[in-house]
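The basis for the numbers below is simple: all heavy atoms, side chains too, and nothing from hydrogens, waters or symmetry mates.
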Amino acid sequence: MIDFNGTTLKNKMNSYEDGYFIDGFLYYREYDGVYKTDFSNDEGELVQAASDIYRFGVGQDEENEKVIVYGENYDNVLNAYFDDDSYALCDDARDFYIIGEKVIFFTYDDDYTRHYFISSYDGEYAPFEE
């Protein structure tokens with residue numbers, strides 16, 4: 001990983017998609033899960049072991065000082081992972097967007113109409129009015 005000045009920040013990073021910066025840490029996905037690292041060493045710390053996550057994002061509950069990893073797996077199941085807990089948010093999510101500690105996701109019905117929902121990381125969610 002190299003910054004715009006050409007400075008090497010990390011040598012040992014095998015990220016499979018975008019990275020996210022929160023509280024001075026870089027979150028990225030490798031083949032066996034989501035990692036976080038700072039730039040003081042080249043080793044990442046496994047945050048969530050999940051080899052079936054293919055899309056992830058990171059949110060933050062600032063009140064409780066928790067970092068939440070949202071991950072969607074190959075079966076379109078959207079999960080929230082934080083501390084040692086995890087919650088299944090939706091078993092048919094098609095994409096999601098993170099705003100702070102909330103996640104907005106959508107599903108399709110039988111007529112391929114999108115339906116949007118907003119969820120907290122503890123599994124509670126509500127639909128948006130259409």
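- At least one side-chain heavy atom of D95 sits under 4.5 Å from a side-chain heavy atom of Y97.
- Put simply, F105 and Y116 are part of two different groups of oily side chains (I, L, V, M, F, W, Y) that touch within less than 4.5 Å, one to the next.
- The only option from F56, Y70, Y35 that meets the ring-ring contact (aromatic ring centres under 6.0 Å, His included) definition with Y20 turns out to be F56.
- Cluster annotation: F96 is not connected to I22 through the hydrophobic network of ILVMFWY side chains, with a link wherever side-chain heavy atoms come within less than 4.5 Å.
- Y125 approaches S119 most closely through the heavy-atom pair CB-CB, 3.5 Å.
- Rounding to the nearest 0.5 angstrom, the gap separating the CG atom in L78 from the CZ atom in F117 is 12.0 Å.
- The minimum heavy-atom distance linking I68 with A80 is given by the pair CG2-CB, 4.1 Å.
- Annotation: the span from Y121 atom OH to Q60 atom CD amounts to 11.0 Å, rounded to 0.5 Å.
- Between V67 and F25 the shortest side-chain heavy-atom distance does not fall below 4.5 Å.
- Using a 4.5 Å heavy-atom threshold, the side chains of T37 and Y28 count as touching.
- The shortest heavy-atom contact between L89 and S120 is CD2-O, 3.6 Å.
- A donor-acceptor contact shorter than 3.5 Å is absent between the side chain of R55 and the backbone of N76.
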Any chance you could lay out the side chain to side chain contact (heavy atoms under 4.5 Å, CB included) test for F82 and D61, step after step, and finish with the verdict? CA-CA 10 Å; F82 59 95; D61 176 358; over 6 Å; no
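- V77 and Y74 are assigned to two separate hydrophobic clusters, defined by single-linkage of ILVMFWY side chains at heavy-atom distances under 4.5 Å.
- With hydrogens and angles disregarded, no donor-acceptor distance shorter than 3.5 Å links the side chain of D111 to the backbone of T113.
- Residues V103 and Y87 are members of one and the same hydrophobic cluster, defined by side-chain heavy-atom contacts under 4.5 angstrom among Ile, Leu, Val, Met, Phe, Trp and Tyr.
- Each of D92, T107, D109 was compared with H115 under the side chain to side chain donor-acceptor pair (under 3.5 Å) criterion, and only D109 meets it.
- Tracing side-chain contacts under 4.5 Å through hydrophobic residues (I, L, V, M, F, W, Y), one never reaches Y27 starting from I98; they form parts of separate clusters.
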